[in-house]
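Fair warning: this is a prediction, and the values are worked out from it, not measured in the lab.
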Amino acid sequence: MLRIAVTTPKGQTSEIECTIDTCSIGKSDENLIVLQGWTVAKKHAVVQRKPDGVYVEDLGSSSGTEINGSKITRHGPLKPGDKIAIAGYTLEVLELEEAAAPAPAAAAPTLAAVQAAPAAAVVATAAPPRPVPVAVEVPQNVAEQEAMNKHLKRIHQQLIKQMDLRRMDVSRQTEDELRANTKAMLDDIVKQDKELPADIDRAQVVKRVLDEVVGLGPLEDLLADELVTEIMVNRFDEIFIERAGKLTKSPITFTSDQAVIGAIERIVAPLGRRIDESSPMVDARLKDGSRVNAVIPPLALKGSNITIRKFSKKKLKGEDMIRFGSMTAEMLTFMETIVDQKANIIISGGTGSGKTTLLNLLSSFIPDDERIITVEDAAELQLTQPNLIGLESRPANAEGKGLVAIRDLVKNTLRMRPDRIVVGECRGGEALDMLTAMNTGHDGSLTTAHANTPRDCLARIEVMVMMAGLDLPVRAIREQIASAIRFVIQQSRFSCGSRKITYISEITGMEGETISMQDIFVFRQEGFGADGKVKGKFVATGAIPDFYQDLKARGLDVDLSVFQAGRTL
């Protein structure tokens, strides 16, 4: 086993364990230690433990590998205190005196320990069965980044001149043709360019300019990284990402504010939407369903910004949510039952708590023989049932005409013979139309709302119904809510980045002027573990849902033992 300390150019140090005797280093995700930087090769170097000690070998990188300040091709055996330098990073192999013989069987990790180890840990508490790449991501040197941006802008300008000289009509080319032709031109330009430093990876220069010209620029790499769940462009040279629930600054940047606007336009154009000074905000989506919001000056003071909520390429299933600790198998079975038996459900939670992911999961439990109509601001739901129609709202055009709001679409669904109506999110007056649909024979409908607790969710729905503009008495609104909604499922995001279902509550009717509600399952937090993750357990409150008692009265076989008070699920 090898244990290596990695110190970034900013002085941040982390330790990485390699369970085998070979540890690869480079820019590619295939390496165990992934370093960022223009002078880092895809496969830069390798550290190997031999019978007589640990050796370091440079794999032909342009910038080279140094040991204690001297460039090497192959060096070893290493001595305690030897420093490996690669593109501003410093690496040190720890415990060099460790024997090369395999560890005794008693020290081997158990399967349970391996499965329990957090995937994003930099230092694994239990070694995984195979090396997992760990990205060491820190901002590059500012001067180096500015110099690189100048080169990229210059190459970009040369590309535009070449296109003008060749009179290329890009409008008649398919996306694949445009990308292939542009890449060929960039290869020629970079090959002939004399100003690029010798230690710069020219393939990366071509990729960066190509992505900026015909793609989404530096966002392409972040979108391809499955560990990144959210991308936040504050300005062209300031990009933050969310990985494993934690926010970090990315070393990747755009070359200019105009490049950010170009990326926004390429996102919104296929959707028939626009962004300019008269309409400086836009909501859109990517091809994979990822949600996009963009704001440009004069509204955005620092510069054009983009926020992308990524969708996982793999649709999460109930088993995945159980493995992540978001729920238990008993809770999943309960939710599957209430969806199948047509209970009206609202998923409540804060921003980024996982409401849409849970809505996707619950919607997948709807039987295939029912007609489903989804209504969303930006299409995100990924349902697979055969009888499915998806509707998407539309903003007004430049003349202020053509607006189709969520409320208009919800009203229209009632004329489309739906068995289930699924609204991506209720934000305003459409809440009244949703309650009306739930109360007029469209049982089993689902939607989401922003709120911090189930009780807050009901109060928020009250307010949203008032936003419909009808002067309805508060009691009438509450009676509509109590008769329409059967369950509120609360999804919460904790400070450690984990997401859990914290309440499953049933609405049981009215008591005077108050909507009565009982909690069925709750998550009881018990502090935080040594890894910083929230600790706690899911328990049953002892309340048996009236809905289940109705099912039992109808002769359905339902298990009531799961609701035993204090039972840990």
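A side-chain donor-acceptor contact under 3.5 Å links Ser516 to the backbone of Gly509. Not a single donor-acceptor pair under 3.5 Å links the side chain of Asp443 to the backbone N or O of Lys342. For the pair Gln341 (side chain) and Leu551 (backbone), a donor-acceptor distance under 3.5 Å is absent. Asp419 places a side-chain N or O within donor-acceptor distance of the main-chain N or O of Arg371, the cut-off being under 3.5 Å. A donor-acceptor pair under 3.5 Å is formed between the side chain of Glu376 and the backbone N or O of Leu381. Panel note: side chain Ser348, backbone Pro454; no donor-acceptor pair is recorded below 3.5 Å. Although no hydrogens or angles enter the test, the distance criterion places a donor-acceptor pair under 3.5 Å between the side chain of Glu506 and the main chain of Asp546. Side-chain atoms of Asn344 come within 3.5 Å of backbone atoms of Ser445 as a donor-acceptor pair (strictly under, hydrogens ignored). Using a distance-only test at 3.5 Å, with no hydrogens or angles considered, no donor-acceptor pair links the side chain of Lys355 to the main chain of His450. Remark: side-chain polar atoms of Arg407 are not paired, donor with acceptor, to backbone N or O of Gly428 under 3.5 angstrom.
Contacts of Glu513 classified as salt bridge (charged side-chain N to carboxylate O under 4.0 Å, His left out), with partners at least two apart in sequence or in another chain: Arg475. For Arg427, the salt bridge (charged side-chain N to carboxylate O under 4.0 Å, His left out) partners are Asp377, Glu425, not counting sequence neighbours. When the salt bridge (charged side-chain N to carboxylate O under 4.0 Å, His left out) test is applied to Asp257, no partner is found at least two apart in sequence or on another chain. Annotation: side chain to side chain donor-acceptor pair (under 3.5 Å) contacts of Thr384 (sequence neighbours excluded): none. Every residue meeting the side-chain contact (heavy atoms from CB on, under 4.5 Å) condition with Ile322, not counting sequence neighbours, appears here in chain and number order: Met327, Ala329, Leu332. Evaluation of the side chain to side chain donor-acceptor pair (under 3.5 Å) rule for Asp408 yields no partner, not counting sequence neighbours. Residues satisfying the side chain to side chain donor-acceptor pair (under 3.5 Å) criterion with Lys207, sequence neighbours excluded, are Asp211, Asp221. For Phe523, the ring-ring contact (aromatic ring centres under 6.0 Å, His included) test picks out Phe494, Phe538, with sequence neighbours left out. Every residue two or more places apart in sequence or in another chain was checked for a side chain to side chain donor-acceptor pair (under 3.5 Å) with Arg266, and none qualifies. Qualifying salt bridge (charged side-chain N to carboxylate O under 4.0 Å, His left out) partners for Asp237, counting only residues two or more places apart in sequence or in other chains: Arg235.
When each of Leu391, Leu446, Leu383 is tested with Thr374 by the rule side-chain contact (heavy atoms from CB on, under 4.5 Å), just one qualifies, namely Leu383. Considering Asn305, Asp283, Thr307 in turn, Asp283 is the only one that fulfils the side-chain hydrogen bond (donor to acceptor under 3.5 Å, both in side chains) rule with Asn293. For the side-chain contact (heavy atoms from CB on, under 4.5 Å) criterion with Met331, the lone passing option out of Ile520, Ile504, Val562, Ile489 is Ile504.
Environment of NZ in Lys302: crowded, with over 12 heavy atoms of neighbouring residues, nucleotides or ligands closer than 6.0 Å. Applying the 6.0 Å contact sphere to CD of Glu526 captures more than 12 heavy atoms from other residues, nucleotides or ligands. Gln564 CD: 12 or fewer foreign heavy atoms inside a 6.0 Å radius.
Shown here for Met438 and Ile345, the closest heavy-atom pair between the two residues is CE-O, 4.4 Å. Heavy-atom minimum distance, Ser495 versus Lys246: O-NZ, 3.3 Å. Between Ile481 and Ile515, the shortest heavy-atom distance links the atoms CG2-CD1, 3.8 Å. Between Ala5 and Thr13, the closest heavy-atom pair is CB-CG2, 4.4 Å. Here the closest heavy-atom approach between residue Arg420 and residue Asp340 is recorded as NH2-O, 3.6 Å. Among all heavy-atom pairs drawn from Leu299 and Pro280, the shortest one is CD1-CG, 3.3 Å.
In this model, a donor atom of one side chain and an acceptor atom of the other lie less than 3.5 Å apart for Thr356 and Arg291. Judged by distance alone, the side chains of Ser483 and Asn439 do bring a donor and an acceptor atom under 3.5 Å apart.
Between Leu458 atom CG and Ile346 atom CD1 the span is 7.5 Å, to the nearest 0.5 Å. A distance of 4.5 Å separates CD1 of Ile33 from CD1 of Ile16, quoted to the nearest 0.5 Å. Here the SG atom belonging to Cys457 is positioned 6.5 Å from the CE atom belonging to Met464, to the nearest 0.5 angstrom. In this structure, Ile241 CD1 and Lys249 NZ are separated by 12.5 Å, a value rounded to the nearest 0.5 Å. Atoms CD1 and CG, from Ile252 and Leu222 in turn, are 4.0 Å apart once rounded to the nearest 0.5 Å. Lys310 NZ to Thr229 OG1: the interatomic distance, rounded to the nearest 0.5 Å, is 8.0 Å.
Identified under the ring-ring contact (aromatic ring centres under 6.0 Å, His included) test for residues 322-364, with sequence neighbours left out: Phe334-Phe487, Phe334-Phe521, Phe334-Tyr548, Phe334-Phe563. A side-chain hydrogen bond (donor to acceptor under 3.5 Å, both in side chains) check over residues 456-467, counting only residues at least two apart or in different chains, returns the pairs Thr453-Asp456, Glu462-Arg478.
Between Glu430 and Val375 the shortest side-chain heavy-atom distance does not fall below 4.5 Å.
Using a cut-off of 4.0 Å between Lys/Arg side-chain N and Asp/Glu carboxylate O, Arg323 and Asp320 are scored as salt-bridged.
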